[in-house]
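Values below: every heavy atom of this structure, side chains too, minus hydrogens, waters and symmetry copies.
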Amino acid sequence: MGLLSLAIWLPIVIGALLLAFGRDDQARFVRWAALVGSVASFLVTIPVYTRFQTGTAAMQFVERAPWIERFNINYHLGVDGLSMWFVLLTAFITVIVVISAWEVITERVNQYMGAFLILSGLMIGVFAALDGMLFYVFFEATLIPMYLIIGIWGGPNRIYAAFKFFLYTLLGSLLMLVALVYLYRASGGSFDIATWHRTPLGSTAQTLIFFAFFAAFAVKVPMWPVHTWLPDVHVEAPTGGSAVLAAIMLKLGAYGFLRFSMPIAPDAAREWAWLMIALSIVAVIYVGLVAMVQRDMKKLVAYSSVAHMGFVTLGFFIFNPLGVAGGIVQMIAHGFVSGAMFLSIGVLYDRMHSRQIADYGGVVNVMPKFAAFALLFAMANCGLPATAGFVGEWMVILGAVKANFWIGLMAATALIFGAAYTLWMYKRVYLGPIGNDHVKELTDINGREFFMLAVLAVAVLWMGLDPKPFTDVMDASVAELLRHVAASKLP
């Protein structure tokens, strides 16, 4: 079994075993089994980085086997510079999520841990799939464990949020399925994504395919105006669900634009780039303003995620190496920072069972260690230099200025809003005198929480201080992608 198959199926198998045999009276064993399984899954992904060859756009760690031979559907895996880091990021965040739930989840522990391990394997499958139908199966299958995580362990309106999440993303994906079937016929009976990249398509066909993919991927990102499901889901989801949703699942949609929309329908991508840029700018500016008036910490960070992902799609559709690479770097950085932000909110919620900003005040007086971590993550969310949040946004802004000064200016202006809503939230929650007796009784983070936040802090600073290992991996693949986009596929 190859490394990618091991990275996909190891967490899925362990998760399935926990679902089948774990019981609440074995909660301690289940937690340790889930931790060992998630750490083992992460360790499996490390050679994908250490053995990865930079300077080439070729797929690496390729695995191929027949699956449904009648329709020429194959179990075809591989990674390049566009996808490699997301395999590691997914496995890494899963370890953190398992640790975060150690003391919080006390009922149905096996189901909770099992769902996250299965979800981890499925998401890695999305990033590694090189067959269109295999991609679709993994892409849709991720909905099932996340739907259960929200619906079982979520807040008071969890059923509404779970249905909204499922229906929004499923309906968008149905149009993608139509596009996949069309491409199968147009390519002479192949589901191979690389073959689709070379298949000539007419102008009308490209436009229809582009918007079919847009329906699936824009909802997943989510882009404005199909973002309305995200705040509701984040508010109701458990802490681990919010962390995985923001850190990984949103990236599935943005990755889809890179792997499908842009290289398969390049003429349509160039023709409709103005629309993608406009929607991205609206997300960056308007949604940033919406975040500023939120009273719920989770909802504020949820809107913040929409704004930050707007930088990603903006970078992609300005079609220059700096912008595209910046968008990918921003996806990785957002995985670290947004995950850390939601887990920090979870630390407070576990103690006070409130996410309302007004219920806090002066937390730094009773939780100084935690407040220091929260400050670092807040600064990274603002895009402070030397943190992960700065690198990708700065690259996108530079790429946007290179393409069009006014687009770059609007994107740069939006950084002010990000600093405003993030630091204002930090001021009201953490600074000043102790707000009330409930805050006065808070205790600082324990060893488990310290370790979890410290690991994320190291990741945020490492990427901010030394982004070269991240960008070196993707340079050749970005250049190859832009070559596909620049070349017309009109017959």
* Asked: Can you tell me if Trp196 uses its side chain to pair, donor with acceptor, with the backbone of Ser190 under 3.5 Å?
  -> yes

* Between CG on residue Leu89 and CE on residue Met84, distance to nearest 0.5 Å -> 11.5 Å

* Under the 3.5 angstrom rule, does the side chain of Glu393 hit a backbone N or O of Gln330 as a donor-acceptor pair? -> no

* Asked: Atom NZ in Lys298, atom CE in Met341: separation rounded to 0.5 Å?
  -> 13.0 Å

* Asked: Should the pair Asp80-Arg259 be classified as a salt bridge under the 4.0 Å nitrogen-to-oxygen rule?
  -> yes

* To do: Report yes or no: does Thr387 contribute a side-chain atom to a donor-acceptor pair with the main-chain N or O of Leu384 at less than 3.5 Å?
  => yes

* To do: Considering non-hydrogen atoms only, spot the tightest contact between Val312 and Gly327 and give its length.
  => CG2-O, 3.6 Å

* Main-chain N/O of Gly310 paired to Thr313 side chain as donor or acceptor, under 3.5 Å -> yes

* Asked: Checking Thr422 side chain against Ala419 main chain: does a donor-acceptor pair fall under 3.5 Å?
  -> no

* Tell me, do Leu343 and Phe377 make a side-chain contact under 4.5 Å, heavy atoms counted? -> no

* Within a strict 4.5 Å, meaning less than it, do heavy atoms of the Asp131 and Ile193 side chains meet? -> no

* Structure fact -> Only residue of Thr471, Val478, Leu398 satisfying side chain to side chain contact (heavy atoms under 4.5 Å, CB included) with Leu322 is Leu398

* Is it the case that more than 12 heavy atoms not belonging to Phe211 sit under 6.0 Å from its CZ atom? -> yes

What donor-acceptor contacts under 3.5 angstrom involve side-chain atoms of residues 52-62, with partners at least two apart or in another chain?
from: Thr56; atom 1: OG1; to: Ala58; atom 2: N; distance (Å): 3.1
from: Gln60; atom 1: OE1; to: Gln53; atom 2: N; distance (Å): 2.8
from: Gln60; atom 1: NE2; to: Gln53; atom 2: O; distance (Å): 2.8

* To do: Apply the test side-chain hydrogen bond (donor to acceptor under 3.5 Å, both in side chains) to residues Tyr136 and Ser173: give CA-CA distance (whole Å), side-chain angles for both, the deciding distance (0.1 Å), then the verdict.
  => CA-CA 8 Å; Tyr136 183 79; Ser173 299; 5.7 Å; no

* **Residues in side-chain contact (heavy atoms from CB on, under 4.5 Å) contact with Ala374, at least two apart in sequence or another chain** => Tyr426, Tyr430

* Asked: Should the pair His234 and Phe342 be assigned to parallel (<30°), tilted (30 to 60°) or perpendicular (>60°) ring geometry?
  -> parallel

* Asked: Would Ile248 and Thr94 count as a side-chain contact (heavy atoms from CB on, under 4.5 Å) if you check the C-alpha gap in whole Å, the side-chain angles of each, and the deciding distance to 0.1 Å?
  -> CA-CA 10 Å; Ile248 310 297; Thr94 302; over 6 Å; no

* Indicate yes or no: at least one non-hydrogen side-chain atom of Leu183 is less than 4.5 angstrom from one of Thr199. => no

* Asked: Is there any side chain to side chain donor-acceptor pair (under 3.5 Å) pair reaching into residues 41-52, and which pairs are they, with sequence neighbours excluded?
  -> none

* Can you tell if the side chain of Lys251 reaches within under 4.5 Å of the side chain of Met309, non-hydrogen atoms only? -> yes

* Hey, what do you get for CD1 (Ile416) to SG (Cys382), rounding to the nearest 0.5 Å? -> 12.0 Å

* **side-chain contact (heavy atoms from CB on, under 4.5 Å) between Phe71 and Ile68, intermediate numbers included** => CA-CA 6 Å; Phe71 298 105; Ile68 307 176; 3.8 Å; yes

* Kindly give the heavy-atom pair with the smallest separation between Gly241 and Ala237, and that separation in Å. => C-CB, 4.4 Å

* To do: Locate the shortest heavy-atom distance separating Ala218 from Phe257; write the atom from each residue and the value.
  => N-CZ, 3.9 Å

* Report yes if some heavy atom in the side chain of Leu201 is under 4.5 Å from a heavy atom in the side chain of Ile264; otherwise report no. => yes

* If we only count heavy atoms from C-beta on, is the Asn74 to Phe191 side-chain gap below 4.5 Å? -> no

* With distance as the sole test, does Ser120 use its side chain to make a donor-acceptor pair with the main-chain N or O of Phe116 at under 3.5 Å? -> no

* Closest contact, heavy atoms only, Phe451 versus Ile99 -> CE2-CD1, 3.8 Å

* Aromatic ring proximity, centroids under 6.0 angstrom, Tyr303 and Tyr421 -> no

* Specify whether Phe86 and Phe127 have parallel, tilted or perpendicular ring planes, treating 30° as the upper limit for parallel and 60° as the lower limit for perpendicular. => parallel

* **Heavy-atom closest pair, residues Met452 and Ser100** => SD-CB, 3.4 Å

* Kindly assign one of parallel, tilted or perpendicular to the pair Phe260 and Phe213, based on the angle between their ring planes and the thresholds 30° and 60°. => tilted

* **Set of residues satisfying side-chain contact (heavy atoms from CB on, under 4.5 Å) with respect to Val137, sequence neighbours excluded** => Trp67

* Take Phe139 and Phe217, measure what side-chain contact (heavy atoms from CB on, under 4.5 Å) needs, and give me the verdict at the end. => CA-CA 10 Å; Phe139 189 84; Phe217 301 143; 4.2 Å; yes

* Step by step, work out the side-chain contact (heavy atoms from CB on, under 4.5 Å) result for Leu250 and Ser305. => CA-CA 9 Å; Leu250 304 190; Ser305 291; 4.2 Å; yes

* Structure fact -> Between Gly288 and Ala307 the two heavy atoms that sit nearest each other are N-CB, 4.3 Å

* Asked: With no hydrogens and no angle check, is any side-chain donor or acceptor of Glu63 less than 3.5 Å from a backbone partner on Gly78?
  -> no

* Asked: So do Phe319 and Met262 actually touch side chain to side chain, heavy atoms under 4.5 Å?
  -> yes

* Distance from Ile281 atom CD1 to Trp224 atom CH2, nearest 0.5 Å? -> 13.0 Å

* Can Lys220 and Thr169 be counted as having a side-chain donor-acceptor contact under 3.5 angstrom? -> no

Per-pair distances, 0.1 Å, donor-acceptor, side chain in residues 456-466, under 3.5 Å, sequence neighbours excluded:
none

* Looking at Phe311 versus His334, is the centre-to-centre ring distance below 6.0 Å? -> no

* Please work out which of the three classes, parallel, tilted or perpendicular, describes the rings of Phe470 and Phe336, given edges at 30° and 60°. => perpendicular

* **Any Asn381 side-chain heavy atom under 4.5 Å of Ser304 side chain** => yes

Identify each donor-acceptor pair in which a side-chain atom of residues 399-411 lies under 3.5 Å from a protein atom, sequence neighbours left out, and give them as a table.
from: Asn404; atom 1: OD1; to: Trp406; atom 2: N; distance (Å): 2.9
from: Asn404; atom 1: OD1; to: Ile407; atom 2: N; distance (Å): 3.2

* Structure fact -> Taken to the nearest 0.5 Å, the spacing of Met331 CE from Leu252 CG works out to 8.5 Å

* Nearest 0.5 Å please: distance from the CG atom of Leu170 over to the OH atom of Tyr147. => 11.5 Å

